[in-house]
Amino acid sequence: MHRYRFVLTRPLQFLPVIFGISVITFILVRLIPGDPARNLLGARATPSAIAKIRAQYGLDEAMWQQYFYFVKNLANGEMGKSILYKIDVLKLIATRIEPTIALVLSSVVLSVLIAVPMAALAARNSGKAPDHVVRIVSTFGIGFPPFWLGLMLMILFSVKLDLLPVSGYGETFGDKLVHLVLPSLTVALSLSTVLIRSLRAAMIEALKSDVATAARARGMPERIVFWRHVVPNSLVPTINLLAVNIGWLIGGTVVVESVFALPGMGQLLVRAIFSRDYMVVQGVAMVFACATVLVNFLADVVTVAIDPRVKL
Amino acid sequence: AGILTIGRREDSTTFDPIKSAQNVDNWVFSNVFEVLVRVDKTGTKLEPGLAESWTVSDDGLTYTFKIRDAKFSDGSPITAEDAAFSLLRIRDHEGSLWSDSYKIVETAEAADPKTLVVKLKTPSAPFLSTLALPNVSVLSKKAVEAGEDAFAELPTASSGAFTVKEWRRGDRVILEKNPNFWQADRVKLDGVEWISVPDDNTRMLNVQAGQLDAAIFVPFSRVEELKKDPNLTVHIDTSTREDHLLINHEHGMLAKKEVRQALDMAIDKKAIVDTVTFGIGTVANSYIPKGSLYHHDANYQYPYDPEKAKAMLAGAGASDLTLNYIVNAGNEVDEQIAVQLQQQFAKAGVTVNLQKVDPSQSWDMLVAGDYDISVMYWTNDILDPDQKTTFVLGHDTNMNYMTRYNSDKVKQLVAAARLELDPAKREAMYVDIQKTAKDDVHWVDLYYSPYLNVSRKNIENFYQNPLGRFFLEDTVKN
Amino acid sequence: MSAGTVSSSPAGWRLRFSQRLPLVIGAGILLFFLLLAIGAPVVAPYDPILQNGATRLQPPSLLHPFGTDNFGRDLLSRVIWGTRIDLQIALIGVVFPFVIGTIVGTIAGFFGGIVDALFMRLIDIILAFPFLVLMLSIIAILGPGLSSFYIAMALVGWVSYARLIRAQILVLKNSDYAVAAVSLGFGRFRIMFRHLLPNAIAGSIVFAMSDAVLVLLSGAAVSYLGLGVQPPVAEWGVMVAEGQSFITTAWWITLFPGLSIVCLAFGFSMLGDALGELLGVHE
Amino acid sequence: MSASVLSVRDLTVKAHLQGETRTLLQGVSLDLAKGEILGLVGESGSGKSLFCRSLVRLLPSSLLKIEGGTILFEERDLTAVTDAEMLKVRGAEIGMIFQNPTSHLDPVMRIGDQILEGIRYHQGINGRDARAAAIEILAQIGFPEPVRQYDSYPHELSGGMRQRAMIGVALSCNPQILIADEPTTALDVTIQAQILKLLMDIRDRHGLSIILISHDLGVVAQTCDRIAVMRGGRLLEQGLKRTILSAPQDPYTVRLIHSHPSMPDVALPAVSAPAPSRAATRPLLEIDDLHVRYPTGGSLFRGKNARTVGALSGVNLEIMPGETVGIVGESGSGKSTLARALLGLTPISSGHVSFDGIDLFQQRNAGLARLRREAAMVFQDPFNALNPRLTIGQTLAEVLKVQKKIARADIPSRVDELLDLVGLEREFVNRKPRSMSGGQCQRAGIARALAVDPRLIIADECVAALDVTIQAQIIDLFRKLARDLNLTLIFIAHDLAIVRNLCERTVVMYRGEIVEDGRSEDVFSRPKHPYTAALIAAIPDIDPDRQLLGHTDAASLEPIQSFKRMP
Ligand SMILES: Nc1ncnc2c1ncn2[C@@H]1O[C@H](COP(=O)(O)OP(=O)(O)OP(=O)(O)O)[C@@H](O)[C@H]1O
Ligand SMILES: Nc1ncnc2c1ncn2[C@@H]1O[C@H](COP(=O)(O)OP(=O)(O)OP(=O)(O)O)[C@@H](O)[C@H]1O
Ligand SMILES: [Mg+2]
Ligand SMILES: [Mg+2]
């Protein structure tokens with residue numbers, strides 16, 4: 001169908017974005033003061049050892065030359081070798097990507113599961129007690145720093161009640177799910193706040209809209225009016241909000257991953273930044289960027305699927 | 001019996017011992033690989049490892065090791081050839097981070113399958129100690145040569161108490177008992193899991209909730225609380241860690257000895273020990289940690305006297321001294337010391353500007369000399385004081401550990417002590433070094449602190465030796 | 001005909017109770033913190049950075065209503081002084097992105113074409129860039145501290161405002177009054193900044209309120225990773241992060257600064273809600 | 001006339017706003033007979049919509065309440081039945097058709113499914129049968145290809161088709177009473193005629209009773225059996241349409257009837273100024289073979305070969321100074337595009353526009369500068385054409401300041417003068433558009449145009465959204481201005497009656513071309529182009545005996561653009 005034609009053309013627009021990101025990360029990581037070689041060698045570093053490492057990773061060459069290699073590698077589907085881990089960055093990322101994807105997905109699902117009923121409750125009782133309660137409670141959700149919230153949840157559910165594992169990532173699927181409950185709840189508590197605000201506003205708008213009035217005038221009970229007409233019409237802005245926030249969300253998982261000891265890319269990234277593992281920072285940033293672009297693309301597809309008016 | 005789960009901050013980075021200088025890796029290396037010569041659990045003397053015995057030629061240049069009858073985990077015998085291969089590899093391999101430390105080795109050859117002969121370029125008192133470093137562990141030549149990269153991922157043959165069963169990157173390293181280990185009957189555990197739990201609180205909670213058997217790096221602030229928990233044992237093990245205040249001798253007034261002495265006197269080390277380490281540490285008086293080889297216990301210690309410090313500064317013409325203090329961001333202890341030192345120095349009329357920078361960057365700044373003072377710490381990897389002394393006082397390429405301290409007397413003493421093979425004479429030289437350095441205030445010794453680890457009550461013999469090694473072959477899980 | 005008073009909702013400040021409440025609460029909370037910040041030297045019972053070995057880690061008491069930290073510093077005083085820094089963070093962390101984003105969004109939306117395309121790609125890039133990488137790198141490059149944080153926020157944060165404003169401008173520039181302005185011979189800048197922008201900006205103002213909360217939280221996350229403000233300055237995020245090691249032994253160290261962040265966040269959200277209804281913005 | 005199906009007695013609705021209570025409906029009593037079409041007319045805000053919404057208890061806000069009276073329907077008082085029972089009344093017994101189908105149809109649901117929903121819910125039919133029933137309804141309401149069009153979304157339909165769909169949705173519930181709230185106001189005369197025909201058709205076929213709300217007396221006169229007139233929340237009078245139209249009792253009704261543009265007696269000789277001798281002066285505006293094409297969905301990266309839609313194709317026109325020209329034509333025929341192109345607000349693809357001898361293409365800057373100082377536009381939508389943030393005083397002052405035609409110090413007095421000129425009181429200087437009625441805003445818009453001190457005013461459908469009474473006022477104003485200030489006026493409308501009254505010359509546009517151009521009397525009395533003739537025939541005349549669409553059959557007037565051109 002022609003409405004979906006953008007599915008074919010859009011990926012072309014990714015290219016400049018990805019290219020821009022590659023340049024920026026490349027420059028950015030190298031602008032950070034600090035030397036990967038010195039980091040690797042620690043306190044006992046001698047100048048000759050440092051020089052050797054720098055030569056080994058090509059860090060002693062000119063910037064443009066390094067960038068050239070980087071792009072050349074990229075064209076071959078490679079991202080270089082980690083200085084810290086001494087293996088291919090892509091391979092390294094492959095071992096670390098699953099928990100992050102799982103965390104982001106489960107957080108989004110959980111947020112939606114929290115946000116939709118809460119927003120519905122608030123919107124259908126707008127201006128009344130449930131609305132105020134939802135709004136106040138959800139505002140609190142966003143105010144707590146995630147690392148603090150995470151620890152509190154951990155102390156409550158894992159230590160005091162002994163219901164869930166404290167931290168880590170399981171091995172079997174079920175085990176992984178159990179391990180993901182608290183981390184994704186931590187993320188969801190703040191993410192859902194954002195969603196609730198947007199959904200609630202959209203729903204209130206839609207409840208007042210002519211579409212709803214028309215449905216009521218046809219004698220449709222409030223339930224049908226709400227779920228068949230109001231909800232579909234208020235989803236689009238929320239989906240886009242979610243997509244725009246995906247970068248922020250992935251950023252937020254960094255902290256949550258380290259609080260809950262999830263072996264994901266966020267932790268990898270933080271360690272790489274602090275140890276100036278350039279290739280890894282570049283690689284992870286590229287992967288994150290691609291993921292963000294992809295999510296936005298998916299959001300567009302979903303938007304087009306939900307709202308036939310939208311043309312892209 | 002049982003599998004011991006240990007929580008630590010970070011996951012391993014590699015299994016190729018020559019390619020890492022990280023503590024996280026060394027801990028696992030020493031579980032998985034065996035060295036020729038070991039440091040004992042008190043951290044004070046060397047004992048036989050894979051080398052059953054050794055002799056040193058009179059000129060101190062030739063070491064002959066008798067290799068014990070032992071097997072790698074894959075069943076192949078451990079030979080002198082493997083040992084020679086490992087030693088030369090760490091010296092020559094382009095990816096080795098340790099080449100400089102083994103440049104002294106002239107040749108290493110297998111005279112026969114059980115005899116390793118190592119020739120040095122010059123005599124070296126600390127040489128044997130350096131063989132105890134986990135990075136120079138004996139690797140299977142065959143296994144390494146079959147594929148270095150694969151070996152670094154998952155070693156197929158190990159000489160130590162455990163073999164690597166699985167490595168879930170970022171999460172955990174899973175070790176299994178090595179039935180072919182030469183002391184296999186000593187090993188009680190079926191396996192070990194080193195699990196990465198970066199957040200200190202989470203790690204402690206894991207042990208408290210019983211989901212981990214042990215956790216390393218207990219923050220000072222948590223010791224009291226954990227001690228009260230009837231299910232837990234807090235292990236306070238002697239370490240070689242020493243925290244000190246680096247002083248940039250090249251910056252203005254800091255070049256004057258009296259100024260540095262005044263600074264030393266302006267610091268209330270006891271208060272720091274109380275606040276930062278919650279009384280767990282002890283005030284330091286020498287750069288060689290207490291309990292280590294050649295530590296001079298009677299070394300002078302500057303008394304805390306802010307008034308006198310103030311007067312001395314005035315005398316030296318440095319009444320309104322302003323210092324730029326580099327603080328390592330993200331290091332809680334560092335930040336706490338900084339906050340406290342700032343207030344203490346203020347009492348002696350010294351203004352301190354804190355400059356918080358990310359740790360990697362602070363290295364750069366220290367090396368470049370862009371600082372006045374900064375707190376750092378050091379833990380020994382080897383028994384012999386030579387390594388640290390060379391770095392700190394030996395006037396080698398790193399400007400005496402970035403302090404730019406300059407003393408010909410000390411420089412010569414350090415060089416001589418390295419060659420001196422008579423322990424008694426050597427000790428006297430080290431006492432001299434410690435005294436002189438203290439008098440010059442090459443830096444300010446702050447405090448010594450132990451290793452703090454915690455385990456569940458049912459774990460026995462879980463400890464860390466002063467060089468940081470975990471002897472898990474002794475550990476029992478009930 | 002009747003004198004044109006048909007409009008059913010007068011655009012004055014007479015609001016329904018349910019509309020007025022958030023406004024009162026939001027503005028009240030912000031005002032309270034503002035007064036605290038201004039009056040910190042008078043209100044705070046102790047010196048916020050004065051250490052006292054004798055009063056370490058004391059639980060809340062009459063002498064120290066919020067307890068003390070591991071240096072024996074009075075937490076109430078630190079929280080009060082922290083108000084200064086945190087209000088500043090929220091303010092500066094929002095104002096610069098707001099101004100930059102507004103200008104860029106207006107220009108991109110108004111001129112369209114190549115200018116717009118370039119800015120939009122740039123926005124795409126920044127949006128796709130993991131926020132934390134950018135944040136950490138910029139802070140690492142410039143050195144930890146507030147000004148680096150502000151610069152990082154400004155470099156990253158303008159994007160949201162630019163998108164919001166641009167979307168509005170794109171609609172408004174085709175509106176009759178914009179076309180009317182062109183037909184009357186008004187200059188571009190007059191049209192952009194006098195006619196379009198004032199009508200486009202309401203959504204951004206409301207967004208700025210929730211953005212202030214996000215800025216505070218980003219600050220806290222940066223503190224958690226150790227790159228927050230310089231010690232011994234009292235800042236809530238840093239206080240929460242510092243208090244982490246005492247979370248099970250001295251809960252008060254994290255709780256009170258944490259609650260302060262929540263309260264301030266709550267105030268901003270309420271004000272945002274109220275402004276949204278007042279300015280007729282739909283998110 | 002058969003017995004009444006709905007009988008309303010003394011219906012009173014009040015609004016409780018911040019302590020103040022306003023009575024919005026006061027003791028309205030009305031009967032609706034079976035099978036009859038009742039026309040409800042009255043000025044804006046008189047309570048017509050409110051009345052109808054009260055019948056199904058769907059008041060626009062919780063602050064409005066039915067405070068008295070009864071609504072008898074099938075022996076029940078609808079003001080007293082339970083909510084659950086009311087659900088069964090809504091839709092199934094009383095259906096509603098709204099003025100604005102675009103906003104009342106669910107944009108994300110297929111048309112067919114929206115009809116299906118009512119069938120399922122109210123008639124309890126499911127599955128295949130329900131779908132068949134829905135398709136049947138689509139066919140009834142004039143969808144030429146019901147099976148295919150079942151899957152269309154509202155946005156894919158033209159305005160007229162959407163209105164039909166809206167009617168279909170109401171029919172799906174199989175009601176006895178249909179309430180149509182201004183179902184044609186947003187539509188073209190030709191489409192309007194079709195919709196009204198359709199409603200009458202349905203009444204005839206299903207025996208429905210219909211309440212038709214309109215503020216156009218012509219519409220009511222053509223379709224209804226009885227007329228009720230409302231004003232200020234009261235029912236002024238009601239009765240058979242002929243009675244009301246020929247012998248109105250209430251003075252308001254009299255005025256309403258007399259201000260209807262189709263009343264021939266208003267057709268004064270258009271602008272009374274003697275037609276300027278054309279040969280004597282050169283034209284103020286010359287348009288030569290003008291083409292305007294709009295890109296559709298083009299983007300930066302797609303280059304020049306993007307698809308375009310031709311909005312104007314080869315327009316030639318000459319306008320003399322002092323002329324009053326009306327431009328008429330159906331929606332989308334290119335009237336606005338022409339206006340914008342004349343003022344240089346839309347890039348032209350080819351052709352020439354010259355203003356007072358200056359070619360806008362060759363001497364763009366000079367031409368535009370001149371144009372901006374001497375020509376002004378009045379926009380269709382009075383609310384959106386004024387910057388909501390500026391007071392009327394600021395708006396006018398700004399124009400005066402930018403145009404620099406008078407000294408700064410004289411600006412305030414000039415602003416007052418302008419307000420006087422358009423008949424606004426001087427206190428409006430400090431009012432913002434939001435606190436003004438549509439008519440007042442429209443005058444402010446005109447004042448702004450006059451502030452330029454123009455020689456040429458282009459008014460684009462500037463009265464379409466207004467009440468007849470206000471319409472009349474504005475047209476009077478234009479007439480006066482044209483006479484007094486010797487303006488050249490281009491007046492765009494799709495309401496031919498107004499043009500006929502105001503303009504001496506009429507231009508008819510159809511699909512981007514001028515199909516007819518001549519003196520108004522000639523065009524209206526002897527249309528040359530069949531499209532003009534159709535347009536004129538579709539004007540609902542207030543005389544009920546002049547049948548809507550005359551004798552032409554509705555079917556012969558195929559919906560022009562039943563589907564939007566898809567890009
Ligand atoms: N939600 C509301 N709150 C308060 N007053 C209202 C509300 N809705 C309508 N009114 C008032 O009720 C009166 C009648 O409005 P109604 O919509 O019935 O007019 P109408 O005759 O349909 O006008 P129009 O021709 O413009 O559609 C008006 O004075 C209007 O201001
Ligand atoms: N900005 C635009 N982009 C693309 N197409 C346009 C644009 N503006 C108008 N059109 C198309 O140009 C044609 C003429 O539009 P125009 O607005 O001039 O009609 P009109 O006669 O003024 O109609 P109406 O009576 O509805 O105002 C229509 O088909 C319309 O869809
Ligand atoms: Mg109405
Ligand atoms: Mg138009």
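Just so we're on the same page: letters track the sequence lines, and every chain starts at 1. All heavy atoms count here, side chains included; hydrogens, waters and symmetry mates do not.
Here the CG-CG distance, from D:Asp460 to C:Asp176, works out to 8.0 Å after rounding to the nearest 0.5 Å. The CZ atom of D:Phe379 sits 9.0 Å away from atom OG of C:Ser175, with the distance rounded to the nearest 0.5 Å. For the atom pair CZ (D:Arg389) and CG (C:Leu197), the distance works out to 10.0 Å, reported to the nearest 0.5 Å.
Residue C:Phe32 qualifies as open at atom CZ: its count of foreign heavy atoms under 6.0 Å is 12 or below. D:Arg234 CZ: 12 or fewer foreign heavy atoms inside a 6.0 Å radius. Residue C:Phe96 places its CZ atom among 12 or fewer non-hydrogen atoms of other residues, nucleotides or ligands, all under 6.0 Å distant.
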As a quick check of understanding, evaluate side chain to side chain contact (heavy atoms under 4.5 Å, CB included) for D:Asn387 and C:Tyr177, giving each step before the final call.
CA-CA 6 Å; D:Asn387 186 338; C:Tyr177 64 83; 4.1 Å; yes
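Within the 4.5 angstrom heavy-atom criterion, no atom of D:Ala451 approaches chain C. Proximity to chain C (any heavy atom under 4.5 Å) is restricted, for D:Leu386, to the backbone atoms N, CA, C and O. The contact between D:Lys401 and chain C is made entirely by side chain atoms (from C-beta outward), counting heavy-atom distances below 4.5 Å. Heavy atoms closer than 4.5 Å to chain C are found in the side chain of D:Val402, but not in its backbone. If you measure heavy-atom distances from D:Arg340 to chain C, the contacts under 4.5 Å come from the side chain alone. For C:Arg194, the parts lying near chain D are the backbone and the side chain together; criterion is any non-hydrogen pair under 4.5 Å. With a 4.5 angstrom heavy-atom cutoff, D:Leu368 does not touch chain C via any of its atoms.
Of all the listed residues (D:Ala449, D:Pro388, D:Ala376), the one sharing the greatest number of non-hydrogen pairs under 4.5 Å with chain C is D:Pro388. Ranked by heavy-atom pairs under 4.5 Å with chain D, the first of C:Leu172, C:Asp116, C:Val179 is C:Val179. When the candidates D:Glu425, D:Lys432, D:Arg448 are compared by the number of heavy-atom contacts under 4.5 Å with chain C, D:Arg448 comes out ahead.
Heavy atoms only, all atoms of each residue included: D:Ala385 and C:Ala180 are closest at O-CB, 4.2 Å.
Put simply, the side chain of D:Glu398 reaches to within 4.5 Å of the side chain of C:Arg190, judged on heavy atoms. Here the side chains of D:Met377 and C:Leu184 are not in contact, with every heavy-atom distance at 4.5 Å or above.
A donor-acceptor contact shorter than 3.5 Å links the side chain of D:Arg372 to the backbone of C:Val182.
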